[in-house]
Structures are given as C-alpha cells and as structure tokens.
Amino acid sequence: GQSFGGYSTAALLTGTRIFRAGIAFAGIYDLISVASTLQPGHPLITANWNLPAHPWADMGRYVENSPLHRADRIRTPLLLIHGTDDQTCLIEEARKMFGALRHLGRVVELAEYNGEAHVPNHWGLANSSDAARRMLGFLDEFVRK
C-alpha cells in the first residue's frame, strides 16, 4: 500500500501472519511522532485518523495504532519504499520502522529514492521503474516460494 496504504500494510502485519510479504510505500508508522511534528500546511493527524486531539489525551490508543510501537509483532518480510523529499510522510518514518525491524532480526528492506516526493506517479522514470522492479523482485522472492 502507498501513503495510508503503507501505514495500513504495516499495521495489518502487526496483527496477522497470513501474508507471505508486505510492501509499504511512503507510509507513516509512529502516530505519536507524526502527531507531534507539525508541518506547515498539513492538517493535524487526528482529523483523518479518528484519534483523540493529541497523543497525551490517550497515549495508549496512539501506541496501539502505531505499527512502530508494535514492530515486535511483525514476522512477515516487509519492503519499505520512500522518497527522501517526501513532505507528506517524512522519510524518517520509514527509517525508524526499518531500524526497529532490523533490531528485532526481521526480514526487512528499505529502498530510499533521492529527490522523490510522496506521490510515485510524480517520480522520475528511472526511480519509479526501479521501485517497480524492486517490488516485483521482493514479491517473487517471498510470495512465489
């Protein structure tokens, strides 16, 4: 999944092991961090996520809905793809998720694309082609086994 779909992919993998692989593209994984980091021109995360006004109103709910804080539950191989110039979902989200899963010894890959923003259909041809090849290769490796 991409954007909210990237978040959804990681969140889903914290609760089930029925999938052989997952791909999270330009997602967010730590709702506390995202809600605490206001970016000019972007609405508060709570507006679209059905969460309390801020993490301190119900920290447990933010933790329970943050894949990063449930990374120990992910056992499925996960490919994270992110553009370094993404101002909607910052690259640090993918880096933190990658670091957590690596620390836990999980199968995880992080593909960063320099100069690319949030929406992949606005990416340059070389990077979008590479991301597509990388996704197909990842699925080939883990799904076709």
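The analysis underlying the following values was restricted to heavy atoms, covering all of them including side chains, and did not include hydrogens, waters or symmetry mates.
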Undergrad: Does any N or O in the side chain of Tyr29 come within less than 3.5 Å of the main-chain N or O of Ala10, such that one atom is a donor and the other an acceptor?
TA: no
Undergrad: Distance from Leu78 atom CG to Phe98 atom CZ, nearest 0.5 Å?
TA: 10.5 Å
Undergrad: Under the 3.5 angstrom rule, does the side chain of Ser129 hit a backbone N or O of Ala126 as a donor-acceptor pair?
TA: no
Undergrad: Could you work out, with side chain to side chain donor-acceptor pair (under 3.5 Å) as the rule, every residue matching Ser33, not counting sequence neighbours?
TA: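 Applying side chain to side chain donor-acceptor pair (under 3.5 Å) to Ser33 gives Lys96.
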Undergrad: Going by the rule side chain to side chain donor-acceptor pair (under 3.5 Å), which residues pair with Glu92 if we only count those two or more places apart in sequence or in a different chain?
TA: none
Undergrad: Is it the case that one hydrophobic cluster holds both Val107 and Leu110, taking links as side-chain heavy atoms less than 4.5 Å apart, direct or via other members?
TA: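 Shared cluster, no.
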Undergrad: Looking at Thr9 and Gly22, what are the two nearest heavy atoms and their distance?
TA: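 Closest approach of Thr9 to Gly22, heavy atoms only: CG2-CA, 4.2 Å.
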Undergrad: Mark yes or no for whether Thr76, through its side chain, and Arg17, through its backbone, hold a donor-acceptor pair below 3.5 Å.
TA: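 Such a contact is absent between Thr76 side chain and Arg17 backbone.
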Undergrad: If we ignore hydrogens and angles and just use 3.5 Å, is the side chain of His69 paired with the main-chain N or O of Leu31 as donor and acceptor?
TA: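 Such a contact is absent between His69 side chain and Leu31 backbone.
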Undergrad: List the steps, then state whether salt bridge (Lys or Arg N to Asp or Glu O under 4.0 Å) holds for Arg134 with Glu112.
TA: CA-CA 11 Å; Arg134 193 178 297 260; Glu112 294 185 16; over 6 Å; no
Undergrad: Should Ile91 and Phe4 be regarded as members of a common hydrophobic cluster, given that ILVMFWY residues are connected when their side-chain heavy atoms come within less than 4.5 Å of each other, either directly or indirectly?
TA: no
Undergrad: Report yes or no: do Leu68 and Ile32 belong to one cluster of Ile/Leu/Val/Met/Phe/Trp/Tyr joined by side chain heavy-atom distances under 4.5 Å?
TA: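 They do not share one cluster, since no chain of ILVMFWY contacts under 4.5 Å joins Leu68 to Ile32.
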Undergrad: Nearest 0.5 Å please: distance from the CG atom of Leu104 over to the CZ atom of Arg75.
TA: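 Leu104 atom CG to Arg75 atom CZ measures 8.0 Å (nearest 0.5 Å).
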Undergrad: Is any side-chain heavy atom of Tyr113 less than 4.5 Å from a side-chain heavy atom of Asp130?
TA: yes
Undergrad: I need the minimum non-hydrogen distance between Cys89 and His118, along with the two atoms involved.
TA: SG-CE1, 3.5 Å
Undergrad: Rounded to the nearest 0.5 Å, what separation is found between the CG atom of Asp85 and the CG atom of Leu90?
TA: 11.0 Å
Undergrad: Of Trp123, Tyr7, Phe138, which meets ring-ring contact (aromatic ring centres under 6.0 Å, His included) against Phe25?
TA: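 Of the listed options, the one satisfying the test is Trp123.
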Undergrad: State plainly whether one hydrophobic cluster holds both Phe142 and Leu136, where clusters connect Ile, Leu, Val, Met, Phe, Trp and Tyr through side-chain heavy atoms under 4.5 angstrom apart.
TA: no
Undergrad: Locate the shortest heavy-atom distance separating Ala24 from Gly6; write the atom from each residue and the value.
TA: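 Taking Ala24 first and Gly6 second, the nearest heavy atoms are CB-O, 3.5 Å.
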Undergrad: Looking only at heavy atoms, which two atoms of Ala26 and Asp86 are closest? And how far apart?
TA: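 Shortest heavy-atom separation between Ala26 and Asp86 comes out as CB-OD2, 3.6 Å.
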Undergrad: Is there a continuous path of hydrophobic side-chain contacts, each under 4.5 Å between heavy atoms, that joins Leu80 to Ile28?
TA: no
Undergrad: Using only atom types and a distance under 3.5 Å, with no angle test, would you say the side chain of Arg20 pairs donor to acceptor with the backbone of Val143?
TA: yes
Undergrad: What's the spacing between Phe19 CZ and Leu12 CG if we round to 0.5 Å?
TA: 4.5 Å
Undergrad: Quick one: NE2 on His82 to CE on Met97, what's the gap to the nearest 0.5 Å?
TA: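 Between atom NE2 of His82 and atom CE of Met97 there are 13.0 Å.
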Undergrad: Once you round to the nearest 0.5 Å, how far does CD of Glu116 lie from CD1 of Ile81?
TA: 12.0 Å
Undergrad: Does Glu93 use its side chain to pair, donor to acceptor, with the backbone of Gly27 at less than 3.5 Å?
TA: no
Undergrad: Any chance CZ of Arg102 has more than 12 other-residue heavy atoms, nucleotides or ligands included, within less than 6.0 Å?
TA: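 Not buried by this count: 12 neighbours or fewer within 6.0 Å.
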Undergrad: Side chain of Arg106, backbone of Ile74: donor and acceptor closer than 3.5 Å?
TA: yes
